[in-house]
Amino acid sequence: MKKVTLLMSGIMVMSCAPQQKKLVYPETAKVDTVDVYFGTQVPDPYRWLENDTSAATTAWVEAQNKVTNEYLSQIPFRENLLKRLTTLADYEKISAPIKKHGKYYFSKNDGLQNQSVFYVQDSLDGKPRVFLDPNKLSDDGTVALTGLYFSNDGKYTAYSISRSGSDWSEIFVMDTESGKLLEDHIEWAKFTGAAWQGDGFYYSAYDAPAKGKEFSNVNEKHKIYYHKIGEPQSKDKLIYQNPAYPKRFYTASTSEDERILFLTESGAGRGNNLFIRDLKKPNSPFIQLTTDLDYQYYPIEVIGDQIYIYTNYGAPKNRIMVADINRPKLEDWKELVPESEAVLSNAEVIGGKLFLTYDKDASNHAYVYGLDGKQIQEIQLPSLGSVGFSGNKDDKECFFGFTSFTIPGATYKYDMDQNTYELYRAPKVQFNSDDFVTEQVFFASKDGVKVPMFLTYKKDLKKDGKNPVFLYGYGGFGISLNPGFSAMRIPFLENGGIYAQVNLRGGSEYGEDWHVAGTKMQKQNVFDDFISAAEYLINEKYTNKDKIAIVGGSNGGLLVGACMTQRPDLFRVAIPQVGVMDMLRYHKFTIGWNWASDYGTSEDSKEMFEYLKGYSPLHNLKPGTKYPATLVTTADHDDRVVPAHSFKFAATLQADNDGTNPTLIRIDSKAGHGAGKPMAKVLEEQADIYGFIMYNLGMNIKY
């Protein structure tokens with residue numbers, strides 16, 4: 001690709017029925033920047049907005065937020081909506097306990113705490129005491145706990161934090177018994193845990209980035225280090241690097257007996273490679289077990305000389321295989337649990353048994369298997385929903401968390417001998433779940449493929465074609481959308497709305513084939529599935545085109561951007577959140593290169609460039625088109641999908657829209673891609689998003 005860049009030419013009380021008054025947006029200067037791809041010139045007039053630390057971009061952000069905040073403040077029910085959301089969110093959220101060294105640890109949020117607090121208790125009926133409170137790590141709740149890692153002897157606990165929602169991590173160490181913070185401090189870590197061996201741990205990090213470019217520059221040269229407790233980071237030992245592939249991830253984990261160091265390599269395909277090192281043999285080399293980055297190979301557990309591995313190698317719907325430490329390469333692996341019709345989505349060893357979670361039509365089903373690979377029993381879950389197990393490989397005590405669209409996360413204690421369970425903890429939310437129902441429907445996409453969709457709504461809903469719809473999807477990177485609860489949806493449902501969650505191609509609801517069918521030059525299938533979902537809801541009299549809001553984040557933001565540009569007539573509201581909007585340049589920022597396995601890049605070939613340009617949201621906006629009422633959302637510390645995507649898309653949309661529908665961008669501060677966002681910021685953001693949706697759908701709000 002040849003790039004030509006020219007100089008910048010300069011910096012430059014309402015009812016529920018939305019007003020059609022034309023908004024006045026800040027002027028956005030244009031520059032004469034043109035990229036040339038395979039002989040095709042592609043202008044990029046808002047390239048200057050990629051410089052997220054410049055004074056000009058800062059001024060633009062402030063001006064845009066001013067217009068957005070003024071609009072949102074005029075929504076008549078916005079404050080009452082925030083009050084209702086706050087009431088709904090004010091319930092105790094408690095994780096399933098994990099048992100470590102004879103004690104029980106769990107996280108709990110009293111309701112409106114910005115971050116959940118970790119507690120410890122000596123027995124299940126013992127008195128909980130605070131183990132680690134992330135709320136004390138900052139004044140405004142913008143420091144989030146991202147991981148907790150106990151040393152295998154229980155002496156130390158490492159924990160990782162993120163500041164302002166960034167993917168950058170810092171690692172600290174505390175004495176487990178006393179809670180005393182030690183002097184150890186790791187900086188510029190990313191996509192890593194702390195894998196203990198003796199009085200130290202392995203972690204992954206990058207070299208310190210250039211000042212001012214911490215959240216935008218390409219991340220390269222991921223390295224694995226070993227940190228010994230009590231020493232400064234500058235003395236950490238480099239364990240592994242691969243200069244031949246600077247744009248790959250390298251992460252470490254250890255077996256509980258500290259015999260095996262696992263190394264995974266990823267970032268250049270749909271899966272990962274797996275390496276091991278025998279830590280009992282001094283200076284032993286890493287042994288590479290696999291050689292194909294388009295398959296997944298994840299160690300579940302090490303028992304004796306056997307490594308239990310979860311993989312989709314030779315099994316698009318996944319299976320369990322076993323490797324012998326003495327002959328560990330892939331060609332010597334043995335199949336333990338073969339692939340089945342359902343998709344194996346999770347596996348772990350608890351109490352000497354395999355706990356396997358399968359997805360059937362996007363809902364979880366749970367089974368217990370012996371270590372010989374034979375099924376023992378199915379666990380009959382409370383309803384269609386999602387499950388997660390907690391327990392140790394040698395301990396028969398087992399818990400699981402369960403949630404659905406109408407059931408907040410509850411914890412159950414499971415008796416594996418009797419195959420029974422009892423409720424251990426359940427939250428109390430201030431709404432009546434019995435007022436709502438969930439159904440699953442299947443519709444035909446454009447090419448005839450059947451696609452599932454969950455619909456949640458009030459039991460007295462009438463299919464009269466007039467119901468508001470919140471249509472949500474993702475469709476990428478093999479990520480499944482299973483049933484799950486969110487208190488934020490309740491006001492929309494209470495006021496007659498339908499929450500529709502679509503299981504698009506690109507996810508892994510039906511295995512790797514379902515994922516691949518939504519990648520690269522088949523990506524249009526994802527958008528066709530989403531558009532077909534909306535058309536199904538209209539045809540079946542659930543709603544009409546003036547009552548549909550489409551919502552998605554990250555890759556789902558790309559989904560919303562593509563669908564609103566391809567079918568602007570079909571949707572009334574669009575909410576692209578932290579979306580990948582510039583498909584020609586996404587790979588040039590932070591870890592964007594890692595998404596090439598799903599998207600391909602504009603540099604791959606003329607055909608790939610033309611395909612990407614054909615659906616790239618930024619490049620398919622057309623002047624004079626009536627686009628849906630749009631609220632773009634992003635944040636200043638998003639170093640996953642850099643805010644330039646949203647900045648350039650919003651500026652172009654404001655210039656091209658015919659002016660009758662609002663085109664706004666909401667840019668959060670001290671926030672990132674979404675993870676770890678403090679509750680106060682979550683509530684404000686959700687009030688703005690749902691307020692914008694409900695107002696522009698003309699909903700009759702009872703608050």
Side-chain angles (χ1 to χ4, degrees), residues 91-111 113 115-134 144-150 154 157 159 176 193 256 300-301 345-359 363-368 377-429 480 482-487 675-676:
Y91 69 94
E92 205 172 56
K93 308 162 190 75
I94 309 179
S95 71
I98 56 172
K99 190 176 183 181
K100 291 290 182 182
H101 311 109
K103 299 180 187 297
Y104 297 87
Y105 297 84
F106 63 93
S107 67
K108 184 181 78 165
N109 191 307
D110 291 339
Q113 289 175 287
Q115 304 290 342
S116 295
V117 179
F118 258 85
Y119 291 83
V120 60
Q121 55 193 85
D122 297 326
S123 62
L124 284 179
D125 56 1
K127 183 179 180 180
R129 56 188 183 275
V130 173
F131 181 68
L132 181 59
D133 184 357
L145 184 69
T146 55
L148 204 59
Y149 311 95
F150 299 92
T157 302
Y159 65 88
T176 304
E256 190 176 328
I300 305 166
E301 193 61 80
S345 55
N346 195 48
E348 49 203 303
V349 176
I350 301 173
K353 295 181 174 63
L354 279 165
F355 280 66
L356 304 184
T357 304
Y358 284 88
D359 279 5
S363 287
N364 286 171
H365 296 257
Y367 301 84
V368 181
Q377 59 211 23
E378 179 178 3
I379 303 172
Q380 295 292 336
L381 300 175
S383 67
L384 288 180
S386 301
V387 68
F389 289 92
S390 171
N392 298 319
K393 69 174 184 178
D394 300 320
D395 194 336
K396 298 185 76 169
E397 205 163 43
C398 177
F399 298 87
F400 67 85
F402 182 83
T403 184
S404 74
F405 291 110
T406 57
I407 300 174
T411 300
Y412 297 83
K413 187 176 182 183
Y414 177 67
D415 185 324
M416 62 183 72
D417 291 330
Q418 301 297 320
N419 192 24
T420 58
Y421 55 83
E422 60 183 11
L423 184 65
Y424 178 62
R425 287 173 176 151
K428 295 177 181 177
V429 184
S480 295
N482 301 115
F485 178 79
S486 171

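Not measured: the values here are computed from a predicted model.
Within the model, atoms CG of Asp133 and CG of Leu145 stand 10.0 Å from one another, a figure rounded to the nearest 0.5 Å. The OG1 atom of Thr176 sits 8.0 Å away from atom NE2 of His101, with the distance rounded to the nearest 0.5 Å. Note: Tyr104 OH to Asp125 CG = 9.5 Å, rounded to the nearest 0.5 Å. Tyr358 OH to Glu378 CD: the interatomic distance, rounded to the nearest 0.5 Å, is 11.0 Å. Ser390 OG to Asp395 CG: the interatomic distance, rounded to the nearest 0.5 Å, is 10.0 Å. Rounded to the nearest 0.5 Å, atoms NZ (Lys100) and CG (Asn392) are 5.5 Å apart.
Qualifying side-chain contact (heavy atoms from CB on, under 4.5 Å) partners for Thr403, counting only residues two or more places apart in sequence or in other chains: Ser386, Phe485. Residues satisfying the side chain to side chain donor-acceptor pair (under 3.5 Å) criterion with Asn364, sequence neighbours excluded, are Asp359. Every residue meeting the side-chain contact (heavy atoms from CB on, under 4.5 Å) condition with Asp417, not counting sequence neighbours, appears here in chain and number order: Lys396, Asp415. Under the side-chain contact (heavy atoms from CB on, under 4.5 Å) criterion, Pro128 pairs with Phe106, Tyr119, Gln121, sequence neighbours left out. Residues satisfying the salt bridge (charged side-chain N to carboxylate O under 4.0 Å, His left out) test with Glu92, not counting sequence neighbours, are Lys108. Shown here are the ring-ring contact (aromatic ring centres under 6.0 Å, His included) partners of Tyr105, two or more places apart in sequence or in another chain: Phe131, Phe150. In this structure Gln377 satisfies the side chain to side chain donor-acceptor pair (under 3.5 Å) test together with Tyr414, sequence neighbours excluded. Judged as a side-chain contact (heavy atoms from CB on, under 4.5 Å), and not counting sequence neighbours, the contacts of Glu348 are Asn346, Ile350, Phe355, Phe389. Applying the salt bridge (charged side-chain N to carboxylate O under 4.0 Å, His left out) criterion to Lys353, with sequence neighbours excluded, gives no partner residue. Considering only residues two or more places apart in sequence or on other chains, Thr411 meets the side chain to side chain donor-acceptor pair (under 3.5 Å) condition with none of them. Annotation: side chain to side chain donor-acceptor pair (under 3.5 Å) contacts of Thr146 (sequence neighbours excluded): Ser160. Tyr421 is linked by a ring-ring contact (aromatic ring centres under 6.0 Å, His included) to Phe400, Tyr412, counting only residues two or more places apart in sequence or in another chain.
In terms of modelled atom types and a separation under 3.5 Å, the side chain of Lys93 and the main chain of Tyr91 share a donor-acceptor contact. Looking only at distances, no side-chain donor or acceptor of Asn482 sits under 3.5 Å from a matching main-chain atom of Gly385.
Between Pro483 and Ser363, some side-chain heavy-atom pair lies under the 4.5 Å cut-off. Residues Arg129 and Asp122 are in side-chain contact: their nearest non-hydrogen atoms beyond the backbone lie under 4.5 Å apart.
No more than 12 heavy atoms of other residues, nucleotides or ligands shown are found within 6.0 angstrom of CG on Leu384.
The two residues Ile300 and Ala347 come nearest to each other via the heavy atoms CG2-O, 3.5 Å. Nearest heavy atoms, His365 versus Leu381: CA-CD1, 4.3 Å.
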Run the side chain to side chain donor-acceptor pair (under 3.5 Å) test on Ser345 and Thr357 for me, step by step, so that the C-alpha distance in whole Å, both residues' side-chain angles and the decisive distance to 0.1 Å come before the verdict. CA-CA 6 Å; Ser345 55; Thr357 304; 5.2 Å; no
